[in-house]
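Have a look at the structure below before the remarks.
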Amino acid sequence: MTVEVLFVTHASCGLGPAMPGGRVHDLDLSADGQKQADAIAAALAGRRLAGVYCSPLRPARLTAWPIAKAAGQTIRLDDELQAIDLGERTGEPIAPFLAGDDPAFDLLMGGQPQGEGLSGVAQRVGRFLGRMSTEHEGRSIVAVTHPEVVCAAVCLVLDLDLARHGRLAAAPGGVTEILVGDWGARLAAFNRMAAG
């Protein structure tokens, strides 16, 4: 049996390259971001979702809320969908980290005081996909998360080296569809945008 996992990159906070990285808890969606979240909810409203999972961070929760409401589901917070742990660098703009422009930061491997790195993110998202494949056989679920988590999931499914994550751009409000079964996993769509 196959599970359809719809990874939703949380909607825009309106900060662009200045978006703080790591596990920052107090960010709101911008007005455009709220429109993105509502558009995603409308686009997914016709699907029979078995669950709406979400990172505990506020932008993800604010994005998940209209999706869950439209689907008649409650939000299930899941730590496997958390943003990358940047350790003591949490809150610094994430763009230089993701671009690999900071030679003092090992984005792939992390390590204290730097946090987990993308390798840790990939391990988490792999566990999440494995869990969903057994808990929701033959169903569809939504997982609202962060760009680096979506890119790690795509690298995992396509068997790409995590060092190539920078070639992927999971834009705010994008929907990435991954199919998972006992046969393996397949990328069905990447960063599809809902009409807003």
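Starting from 1, each residue takes its place in the sequence as its number.
Other residues, nucleotides and ligands place more than 12 heavy atoms under 6.0 Å from the CG atom of Asp161. Other residues, nucleotides and ligands contribute at most 12 non-hydrogen atoms within 6.0 Å of the CZ atom of Arg164.
Contact annotation: the side chain of Ile141 never approaches that of Val52 to less than 4.5 Å [non-hydrogen atoms, C-beta and beyond]. Arg48 has its side chain out of reach of Ser140: every pair of non-hydrogen atoms, C-beta onward, lies at least 4.5 Å apart. In this structure, the side chains of Leu168 and Cys155 come closer than 4.5 Å at one or more pairs of heavy atoms. Using a 4.5 Å cut-off on side-chain heavy atoms (C-beta onward), Arg61 and His10 make no contact. Side-chain contact between Val5 and Val142 is absent, with no heavy-atom pair separated by less than 4.5 Å. You'll find the side chain of Arg76 stays beyond 4.5 Å of the side chain of Cys54, heavy atoms only.
Here the closest heavy-atom approach between residue Ala11 and residue Ala37 is recorded as CB-N, 4.1 Å. The two atoms that bring Asp79 and Pro56 nearest to each other are OD1-CG, 3.3 Å, heavy atoms only. Between Gly21 and Leu86, the closest heavy-atom pair is C-CD1, 3.5 Å. Nearest approach of Val125 to Ala153, heavy atoms of both residues: CG2-CB, 3.7 Å. Pairing each heavy atom of Pro66 with each of Thr63, the nearest pair is CD-O, 3.4 Å. Residue Ala50 comes nearest to His136 through the heavy atom pair CB-ND1, 3.7 Å, listed as atom of the first residue, atom of the second, then distance.
Each of Val8, Thr9, Leu6, Leu62 was evaluated against Val144; a single residue qualifies, Val8, per the side chain to side chain contact (heavy atoms under 4.5 Å, CB included) test.
The side-chain contact (heavy atoms from CB on, under 4.5 Å) search around Ala42 returns none, not counting sequence neighbours. Applying the side-chain hydrogen bond (donor to acceptor under 3.5 Å, both in side chains) test to Glu137 and every residue at least two apart in sequence or in another chain returns nothing.
Listed for the Thr2 side chain is no donor-acceptor partner under 3.5 Å among the backbone atoms of Gly138. Counting only distance, with no hydrogens or angles, the side chain of Gln73 and the backbone of Ala68 share no donor-acceptor pair below 3.5 Å.
Between Arg124 and Glu80 there is no salt bridge, since no side-chain nitrogen of the basic residue lies less than 4.0 Å from a carboxylate oxygen of the acidic one. Note on Arg192 versus Glu177: salt bridge recorded, some NZ/NE/NH1/NH2 to OD/OE distance being below 4.0 Å. Under the 4.0 Å criterion applied to side-chain N and carboxylate O atoms, Asp28 and Arg58 are assigned as salt-bridge partners.
Between Gln34 and Asp38, the side chains place a donor N or O and an acceptor N or O closer than 3.5 Å (distance only, hydrogens not considered). Defined by atom type and a distance below 3.5 Å, a donor-acceptor pair is present between the side-chain atoms of Ser55 and His146.
We find the CH2-OG distance between Trp183 and Ser133 to be 10.5 Å, quoted to the nearest 0.5 Å.
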Original post:
Stepwise, does the side-chain contact (heavy atoms from CB on, under 4.5 Å) test hold for Ile40 with Ile67?
Top reply: CA-CA 7 Å; Ile40 297 163; Ile67 298 169; 3.6 Å; yes

Subject >> Intermediate values then yes/no, salt bridge (Lys or Arg N to Asp or Glu O under 4.0 Å), Glu116 and Arg23 >> reply: CA-CA 12 Å; Glu116 67 185 334; Arg23 298 176 178 183; 3.5 Å; yes

Subject >> side-chain contact (heavy atoms from CB on, under 4.5 Å) assessment of Ser30 paired with Ser12 >> reply: CA-CA 6 Å; Ser30 65; Ser12 176; 3.9 Å; yes

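At a threshold of 4.5 Å between side-chain heavy atoms, the hydrophobic network of Ile, Leu, Val, Met, Phe, Trp and Tyr places Val154 and Leu118 in one connected group. Cluster membership for Leu57 and Leu27, using ILVMFWY side-chain heavy atoms within less than 4.5 angstrom, is not shared. Hydrophobic clustering of Ile, Leu, Val, Met, Phe, Trp and Tyr side chains at less than 4.5 Å, counting indirect connections, keeps Val150 apart from Leu179. By the rule that hydrophobic residues join a cluster once side-chain heavy atoms approach within less than 4.5 Å of another member, Leu81 and Val3 end up as members of one cluster. Note: the hydrophobic cluster containing Leu158 also contains Met132 (ILVMFWY, side chain heavy atoms under 4.5 Å, direct or indirect links).
The aromatic rings of Phe128 and Tyr53 sit perpendicular to each other, their planes meeting at more than 60°, with 30° as the lower class boundary.
Counting Ile, Leu, Val, Met, Phe, Trp and Tyr side chains that sit under 4.5 Å apart, directly or through other members, Leu77 shares a hydrophobic cluster with Trp65, Ile75.
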